[in-house]
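All remarks here apply to the structure that follows.
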Amino acid sequence: MQTYAVIDFETTGLSPNFDRAIEVGLVLVRNHEIVETYSELMDPGFAIPSHITSLTGISTSMVRGKPKPEKVMPHLREIVGSYPCVAHNASFDRGFLAAEMRRAGIPCQPEFVCSMLLARRLVQDCASHKLGMLVQHLGLATPAGMRAHRALADCLMTVELWRCLMERVESQLPGYVPDPGFITKLSRTPKAKVDAFLSRAAAQVCS
DNA sequence: TGCCAGGCCCTCTTTAGGGCCTT
């Protein structure tokens, strides 16, 4: 994973079939450095529920006149390219990306890896694995002047979290650059067996 | 009007149920 895209959607709710994306954030990371950032508000075509405005700060008036999600997806597809995507609770963002790309008529099914699943394995001493709680627990930097639950702010926090998680993996596998397949396997390894999994991987690296 | 999700994990489980996490 020399290059990967961290992606985050703010939406009108939890269901990709009934709800729509109202903001997307994307950070492209290459060789541990941020090389591109992108965020865009989108008009879902209906009023944003009040509880979503309370959570995100994004109101109906803020998205009025903004492009529809299907107008934003082509540019998003262009940036993501064929890079693997990182997201916190990736099944959620993967579902909305797939739904909005489908509405836009664009084939786009990038590989996803999940920072939440990985954090559950590698940060087992944190009581909660919400993004904000993990960032606080690990003492990671938060984007100055940016509100949490906005797409780009959450992307930047996920970048910090992901770097931290990768440092933990690489500290046990010196010289090894984790690929999405390896991360997926690690993310699906039972918590109690994570150390054994990494030990086996280290043995393979050294052999 | 009110409701609409889904993958993963844990346990009082596996012929299930409930919590976490995303918005």
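This one's a predicted model, so the numbers in the text were calculated from it and none came from an experiment. Quick note on labels: first sequence line is chain A, next is B, and so on, each numbered from 1. Just so you know, these numbers use all the heavy atoms, side chains as well, and skip hydrogens, waters and symmetry mates.
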Sugar-phosphate only, base, or nothing, as touched by A:Phe96 at under 4.0 Å among non-hydrogen atoms: nothing

Sugar-phosphate, base or nothing in reach of A:Thr12, heavy atoms under 4.0 Å: nothing

Same-atom distance (P) from B:dG2 to B:dG6, integer angstrom: 23 Å

Span that lies between the C1' atom of B:dC4 and that of B:dT23, in whole angstrom: 14 Å

Ring center gap for A:Phe182 and A:Phe197 short of 6.0 angstrom: yes

Same apolar cluster: A:Ile52 and A:Phe92, side chain cutoff 4.5 Å: no

What does the list of N/O pairs under 3.5 Å between the protein and nucleotides 10-14 of chain B look like, with a distance for each?
none

P spacing across the pair B:dT13 / B:dG7, given as an integer number of angstrom: 24 Å

Touch class at under 4.0 angstrom, heavy-atom based, for A:Ile22 against every strand present: nothing

N or O in side chain of A:His149 less than 4.0 angstrom from B:dT23 OP1/OP2: yes

Salt bridge A:Arg77-A:Glu100, side-chain N to carboxylate O under 4.0 Å: no

Side-chain N,O (A:His129) to OP1/OP2 (B:dC20) below 4.0 Å: no

Option among A:Asp93, A:Val135, A:Leu134 that satisfies the side-chain contact (heavy atoms from CB on, under 4.5 Å) test with A:His88: A:Leu134

Spatial distance of atom CE (A:Met116) from atom NZ (A:Lys130) [nearest 0.5 Å]: 12.0 Å

Nucleotide nearest A:Asn17 (side chain, heavy atoms from C-beta), chosen from B:dC8, B:dT23, B:dG6: B:dG6

Mutual orientation of the aromatic rings belonging to A:Phe96 and A:Phe9 [parallel < 30°, tilted 30-60°, perpendicular > 60°]: tilted

Under 4.0 angstrom between A:Ser128 side-chain N/O and B:dC21 OP1 or OP2: yes

Heavy atoms from other residues, nucleotides or ligands near NZ of A:Lys66 exceed 12 (cutoff 6.0 Å): no

Interatomic distance at P, B:dC8 relative to B:dC12, whole Å: 23 Å

